[in-house]
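Given the structure is predicted, the values throughout are model-derived calculations rather than measurements. All ligand and atom numbering here is 1-based and tracks the order in the structure.
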Amino acid sequence: MKLYRADNFSNIRWLEHGFGTRGITLDHYLGNLGVENAVFARTNQIHGNRVFVLDGAGREGTLEGDAFVTDSQGVVCFVRTADCVPILVCDPKNRAVGAIHAGWRGHVCDVIGRSIRTMTENFGSKAQDLLAAVGPSICPSCYDVGGEVIEEFTRNGFSDDLWTELPSRNSYSLNLKRASMGLLIAAGVSKGRIAMLDLCTSCFGGDFASYRREKTDASRQVNFIYIK
Ligand SMILES: [Zn+2]
């Protein structure tokens with residue numbers, strides 16, 4: 001059961017995490033990892049910036065949001081992706097974790113910075129202590145967007161080194177992973193504490209579901225992190 005991991009999380013004994021591959025469910029991964037009695041919420045990702053603080057009590061109903069943080073043991077934070085960027089965060093000092101889903105809309109509304117601030121407010125995390133990992137997601141060569149997307153980025157203060165104009169296609173190539181890195185750094189995370197998994201969901205072999213490549217919503221991969 002293939003699972004990609006971030007090198008910078010590997011020395012933390014109380015932590016489990018992974019970036020999954022296409023079609024393998026969270027249940028499958030947790031079963032394979034021998035996890036019993038894991039707590040995880042039902043979620044619906046909506047490309048917004050709402051952050052949920054999860055605890056061991058579990059949650060009724062469906063959580064409509066794109067970021068989930070916890071300092072409770074056995075509570076799984078996860079996001080599903082198929083080109084959007086999954087970002088996992090860990091506070092090694094205060095034992096807290098988070099999972100964030102960020103497509104272009106999530107970047108524009110800074111779901112990443114809001115998640116970091118939520119960890120600070122709830123768990124006492126200091127941004128400079130955090131470790132982060134930016135997971136498999138669409139690469140700039142595979143990601144053409146229209147001028148209206150670039151306008152949103154410009155309006156929200158992103159620098160123009162995130163995109164390249166493609167005049168022959170009347171579009172722009174956008175680098176979402178670099179945007180994620182920029183928002184993490186803007187939130188106070190040290191560049192040297194951010195791992196980048198340089199894998200494209202669209203052009204890298206068959207490990208990943210890709211909305212752009214497959215033109216369908218049917219498949220996703222799950223990305224998760226929890227305190228063992
Ligand atoms: Zn690609």
Checklist line | Within-2.8 Å protein N/O/S contacts of the Zn ion (ligand 1) | finding: C139 SG, C142 SG, C200 SG, C203 SG
Margin query: Does S159 form a side chain to side chain donor-acceptor pair (under 3.5 Å) with D161? I'd like the steps, not just the answer.
Written below: CA-CA 6 Å; S159 72; D161 64 349; 2.5 Å; yes
Note to self: Please give the remaining members of the hydrophobic cluster of V76, linking ILVMFWY side chains under 4.5 Å, ordered by chain and number.
What the structure shows: M1, L3, I24, L26, Y29, L30, L33, V35, F40, F78, V222, F224, Y226
Notebook entry, point to check: Atom CG of D66 and atom CD1 of I46: how far apart are they, to the nearest 0.5 Å?
Noted result: 6.0 Å
Margin query: I'd like to know if R5 and E16 make a salt bridge, using a cut-off of under 4.0 Å between side-chain N and carboxylate O.
Written below: yes
Margin query: We want to know whether D83 and T201 form a side-chain donor-acceptor pair, criterion being a heavy-atom distance below 3.5 angstrom.
Written below: yes
Margin query: For the aromatic rings, using the six-membered ring if either is Trp, is the centroid distance between F19 and Y4 under 6.0 Å?
Written below: no
